[in-house]
Amino acid sequence: MAKAIVKYFCKECGHVANKWLGKCPSCEAWNSFTEEVVNKGGTEKKLWGKNPQHRAEPKKIKEIIEGHETRLVLPDNELNRVLGSGLVTGSITLIGGEPGIGKSTLLLQLALNVQKKVLYISGEESESQLKMRAERIGIHNDNCFVMCETSLSNLLSYLQQDQPEILIIDSVQTLSSENIDSPPGSISQIKECTAELLRFAKATNVPVFLIGHINKDGNIAGPKVLEHMVDTVLQFEGDRHYNYRILRTLKNRFGSASEIGIYEMRGSGLREIENPSEILISEREENLSGITISCAVEGIRPILLETQALVSSAVYGTPQRTSNGFDLRRLSMLLAVLEKRCGFQLGAKDVFVNIAGGMKMEDPGLDLGIIAAILSSYENLPVSPDIAFAGEVGLSGEVRAVSRIEQRVSEAEKLGFKEIMVSKYNKGIEEMKTKMKIITIGKIEEAFEYLFG
Ligand code: TYD
Ligand code: MG
């Protein structure tokens with residue numbers, strides 16, 4: 001009998017090696033290799049020298065006739081927006097998110113509301129569980145079919161007889177192909193199942209949604225190549241303690257990759273939130289001092305968050321400086337800048353800084369918002385809730401440009417802010433098209449003057 005073939009896959013980039021390696025030669029990640037039995041016994045097929053039967057021929061790019069992508073407009077406006085004004089036929093969309101965030105709810109709700117024939121494949125829940133969930137959401141589609149199946153070959157053989165107009169797979173980690181001997185959820189299984197579904201989508205023009213689990217680092221479980229294979233990657237996120245959820249585009253071959261959709265989780269499913277500022281504003285009934293909204297970027301994603309500060313007279317000889325979610329050394333630096341360059345007597349004050357929602361941020365673009373919050377608490381004057389901040393503060397008190405300013409500005413605009421304070425050194429800031437008023441400053445004194453002067 002032929003020997004089993006064991007390969008080692010990098011969890012980060014999908015690099016394949018014949019032996020275990022401590023460091024991936026391709027993406028340089030440490031300790032990222034896992035062992036997988038690819039073939040229990042058999043021979044690897046040689047590709048070079050194979051008889052050419054069905055093969056593509058190279059074409060001159062000038063001679064290719066441009067196809068027109070057709071889009072299905074879904075009954076969910078937020079989903080339409082993140083997909084880039086509708087679902088492209090034949091596309092494959094991956095939705096990732098923490099367990100219990102509402103991925104299954106989002107797609108089941110779509111299946112129940114869209115007036116198309118939809119097939120929802122569940123490998124995680126039983127039919128009766130799906131029915132219970134559907135009852136909560138409300139069934140408005142006579143052509144919504146569900147099937148509990150984990151075998152890829154059974155699914156594909158069913159799809160050969162009868163095809164839906166939209167296919168939903170919950171989740172890609174529960175599907176498995178018999179061609180691969182490793183267990184469901186392993187890197188080679190995920191790769192193989194996605195590749196088959198990709199072939200199905202491209203051949204039949206049926207759009208496919210894949211639900212993907214995420215690992216403890218917040219990335220979609222499985223190889224990074226999975227994200228390269230699909231057309232669109234969406235991330236569903238939110239705080240467990242709040243009811244609102246954000247659907248974010250991470251990659252989109254058919255539209256912008258900086259869109260967000262906002263929902264509220266209710267007893268009867270997800271509600272689209274058309275006017276996002278309603279969530280932020282409803283939480284603040286009266287205007288309190290020491291609170292500002294900062295526009296940060298985490299990775300490639302802009303996030304608006306509440307930066308809070310409290311400045312009070314120190315009871316003990318040594319004033320306390322405490323910070324939650326923001327680097328304490330950076331806070332000390334900002335306080336020194338305020339003292340030395342702007343003449344605020346903070347040396348005898350306790351200063352507490354907090355980033356609401358338990359977030360931990362390293363983005364220097366938060367500096368301006370933190371400084372504004374400190375000044376607001378120091379002066380005991382509130383800052384208008386309609387203004388957002390994004391700027392890095394340097395040692396001489398200058399406000400410096402930050403990365404991805406367009407995304408920060410458009411995120412603040414989407415969330416309903418009327419003004420944003422940024423550095424005048426951001427390139428192209430003057431010409432930026434936005435409905436918001438952009439306040440450009442060069443030094444923190446100017447921020448003080450504008451806010452409290
Ligand atoms: P679910 O869609 O099962 O999450 P995922 O597939 O991402 O793991 O999320 C379900 C959560 O949402 C669960 O905690 C119950 C809650 N929920 C509601 O609040 N309202 C509803 O109408 C439904 C269907 C679920
Ligand atoms: Mg689920």
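In listed order, ligands and their atoms are each counted from 1. Each residue takes its place number in the sequence, starting with 1. A quick note: this is a predicted structure, and the numbers were derived from the prediction, not measured.
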I'd like to know if the side chain of Gln189 and the backbone of Ile180 have a donor-acceptor N/O pair within less than 3.5 Å. yes

Tell me which protein heavy atom sits closest to atom 15 (C) of ligand 1, plus the residue, atom name and distance to 0.1 Å. Arg136 NH1, 4.5 Å

Side chain to side chain donor-acceptor pair (under 3.5 Å) partner of His213, chosen from Glu124, Glu98, Lys103: Glu124

Can you pull out the closest protein heavy atom to atom 22 (O) of ligand 1? Residue, atom name and distance to 0.1 Å, please. Gly269 N, 2.6 Å

Of Glu124, Glu135, Arg271, Arg266, the residue with the heavy atom nearest atom 18 (C) of ligand 1 is Arg266

Has Ser104 got an N, O or S atom lying less than 2.8 Å from the Mg ion (ligand 2)? yes

Does any part of the side chain of Asp231, heavy atoms only, come nearer than 4.5 Å to the side chain of Phe254, both counted from C-beta? yes

Nearest non-hydrogen protein atom, atom 3 (O) of ligand 1: Arg133 NH2, 3.0 Å

Per-atom contacts, ligand 1 versus Thr105 - under 4.0 Å to a heavy atom: 1 (P), 2 (O), 9 (O), 10 (C), 24 (C), 25 (C)

Check ligand 1 against Glu98 and write out every atom of the ligand that is under 4.0 Å from a heavy-atom position of the residue. 7 (O)

Ligand 1 atoms in contact with Pro99 (distance to a heavy atom under 4.0 Å): 8 (O)

Under-4.0 Å heavy-atom contact between protein and atom 11 (C) of ligand 1: yes

Which protein heavy atom lies closest to atom 6 (O) of ligand 1, and at what distance to 0.1 Å? Ser104 OG, 2.6 Å

Just jot down the ligand 1 atoms closer than 4.0 angstrom to any heavy atom of Met265, in number order. 12 (O), 17 (N), 18 (C), 19 (O), 20 (N)

Using a 6.0 Å cut-off, check whether atom NZ of Lys202 has over 12 heavy atoms from anything other than its own residue. yes

Verdict with reasoning, Ser312 to Asp350, per side chain to side chain contact (heavy atoms under 4.5 Å, CB included): CA-CA 5 Å; Ser312 67; Asp350 286 341; 3.8 Å; yes

Heavy atoms only: give me the nearest Asn80-Leu74 pair and the separation to one decimal. ND2-O, 2.8 Å

Any nitrogen or oxygen of Ile137 lying under 3.5 Å from a nitrogen or oxygen in ligand 1? Just yes or no. no

Ser268 heavy atoms within 4.0 Å reach ligand 1 at atoms 22 (O)

Can you spot which of Ile166, Leu110, Leu167, Val146 makes a side chain to side chain contact (heavy atoms under 4.5 Å, CB included) with Tyr120? Val146

Could you tell me if the side chain of Ile387 sits less than 4.5 Å from the side chain of Leu451, heavy atoms only? yes

Does the pair His15 and Cys24 meet the rule for a side chain to side chain contact (heavy atoms under 4.5 Å, CB included), with working shown? CA-CA 7 Å; His15 182 86; Cys24 175; 3.8 Å; yes

How far is atom 13 (C) of ligand 1 from the closest protein heavy atom, and which atom is that? Gly100 O, 4.5 Å

Ligand-side contact atoms (ligand 1) for residue partner Gly102, heavy atom cut-off under 4.0 Å: 1 (P), 2 (O), 4 (O), 5 (P), 7 (O), 9 (O)

Decide if atom CZ of Arg400 counts as having more than 12 heavy atoms of other residues, nucleotides or ligands within a radius under 6.0 Å. no

